[in-house]
Number of protein chains: 2
Amino acid sequence: MELRQLRYFAAVARERHFGQAARALRIAQPAVSRQIQQLEAELGVRLFDRRPRGAVLTAEGLALLDRAERLLGRRMRCAATRAARPTGRAGR
Amino acid sequence: MELRQLRYFAAVARERHFGQAARALRIAQPAVSRQIQQLEAELGVRLFDRRPRGAVLTAEGLALLDRAERLLGRRMRCAATRAARPTGRAGR
DNA sequence: TGAGGTTACGCCTATCGTAATAATG
DNA sequence: CATTATTACGATAGGCGTAACCTCA
């Protein structure tokens, strides 16, 4: 599993739309579709119900969304990134 | 940033050794070195002090390790992963 | 000089985008 | 029949492994 997949997944969940998610991500729709499929295959669950008017989260998808957003939200912006500021030590 | 980078980083931090981390990860040493470099570049910090006897975490590295292990530990094993049982994995 | 990390280079896998296809109300 | 997701396919980028090089006590 990679963060990219979670990011795409979260986008689709937010937009409830593969195409709109793709637009928000600045990529093509098939790329989103593929990553979601991969994620579903790896997890062994169906994350979305594909409908002609868009995609709706399944129960498992909803549960994953909670975790995924939490993970994405706290990426790695705490400890190390703070040191990237001019707070004293800067190696290069 | 990808989970792969965090996984490699955590391995090096645990082993305090690029080569040993590579062995633990079942990959070659340069692969580890490259991913760590990428991570350092993205974060803008030096995560390890390379020494002739191994690698030691910098203060920023230590802080990142804490977050990384937490993230890796709670990957996505809650809701969806429950359905991901055997018969589906194909390595290389 | 030896242990360990990095750079160079070629291969292979994965991802992406465009276009065509299938499915559903 | 229109809208939306999927599959096919060629092109591109990224990651990995082997080999050679550099660095430091």
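Letters go in sequence order (proteins before strands), and every chain restarts at 1.
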From CA spacing to verdict: salt bridge (charged side-chain N to carboxylate O under 4.0 Å, His left out), A/Glu60, A/Arg46:
CA-CA 7 Å; A/Glu60 296 85 1; A/Arg46 199 75 174 169; over 6 Å; no

Could you give me the CA-CA distance, side-chain angles and deciding distance for B/Glu69 and B/Arg14, then say whether salt bridge (charged side-chain N to carboxylate O under 4.0 Å, His left out) is met?
CA-CA 10 Å; B/Glu69 279 189 334; B/Arg14 289 184 78 92; 3.4 Å; yes

Using only side-chain N and O atoms of B/Gln38, determine if any of them is under 4.0 Å from OP1 or OP2 of D/dG14.
no

Can you tell me how far C1' of D/dT23 sits from CZ of B/Arg50, to the nearest Å?
13 Å

Just checking B/Phe48: base, sugar-phosphate only, or nothing, at a heavy-atom cut-off of under 4.0 Å?
nothing

Are B/Gln35 and D/dG14 close enough that a side-chain N or O sits under 4.0 Å from OP1 or OP2?
no

Hey, is the side chain of A/Gln37 poking within less than 4.0 Å of OP1 or OP2 on D/dT7, counting only N and O atoms?
yes

Going through the checks in order, is the side-chain contact (heavy atoms from CB on, under 4.5 Å) test met by B/Leu47 and B/Phe9?
CA-CA 9 Å; B/Leu47 297 171; B/Phe9 163 73; 3.9 Å; yes

Atom-to-atom span, CG of B/Asp49 to P of C/dG4 - whole angstrom
17 Å

Assign each of A/Arg46 and A/Arg53 the nucleotide of DNA chain D bearing its closest heavy atom; nearer the 5' end lies the nucleotide of A/Arg53

Do B/Tyr8 and B/Val56 share a hydrophobic cluster, counting only Ile, Leu, Val, Met, Phe, Trp and Tyr and linking them when any side-chain heavy atoms are less than 4.5 Å apart?
no

Any side-chain N or O of A/Ser33 under 4.0 Å from OP1/OP2 of D/dA5?
no

Round to a whole Å and report the spacing from CD1 of B/Ile36 to C1' of D/dG14.
17 Å

Throw together a table of side-chain donor-acceptor distances under 3.5 angstrom for residues 18-36 of chain A, partners on residues two or more places apart or in other chains.
{"from": "A/Ser33", "atom 1": "OG", "to": "A/Gln37", "atom 2": "NE2", "distance (Å)": "3.3"}

Return the value, rounded to whole Å, for the distance between atom CZ of B/Arg34 and atom P of C/dT6.
10 Å

Between the protein and nucleotides 17-23 of chain C, which nitrogen or oxygen pairs are less than 3.5 angstrom apart?
{"from": "C/dG17", "atom 1": "OP2", "to": "A/Ala28", "atom 2": "N", "distance (Å)": "2.7"}

Can you tell me the distance, in whole Å, between the CG atom of A/Leu39 and the C1' atom of D/dA5?
17 Å

To the nearest angstrom, the CZ-P distance between B/Arg23 and C/dG5 comes to 12 Å

Starting the side chain at C-beta, find the nucleotide from D/dC16, C/dT15, D/dA5 nearest to B/Arg4.
D/dC16

Minimum heavy-atom separation for B/Leu3 and A/Glu2, please, with both atom names.
N-OE1, 3.1 Å

Comparing B/Gly19 with A/Gln5, nearest DNA chain C nucleotide closer to 5' gives the residue B/Gly19

Length of the CE-P vector between A/Met1 and C/dT15, whole Å:
13 Å

Would you give the length of the straight line joining atom CG of B/Leu43 to atom CD of B/Gln38, rounded to the nearest 0.5 angstrom?
11.0 Å

Calculate the interatomic distance between B/Leu25 atom CG and D/dG15 atom P; express it in whole Å.
15 Å

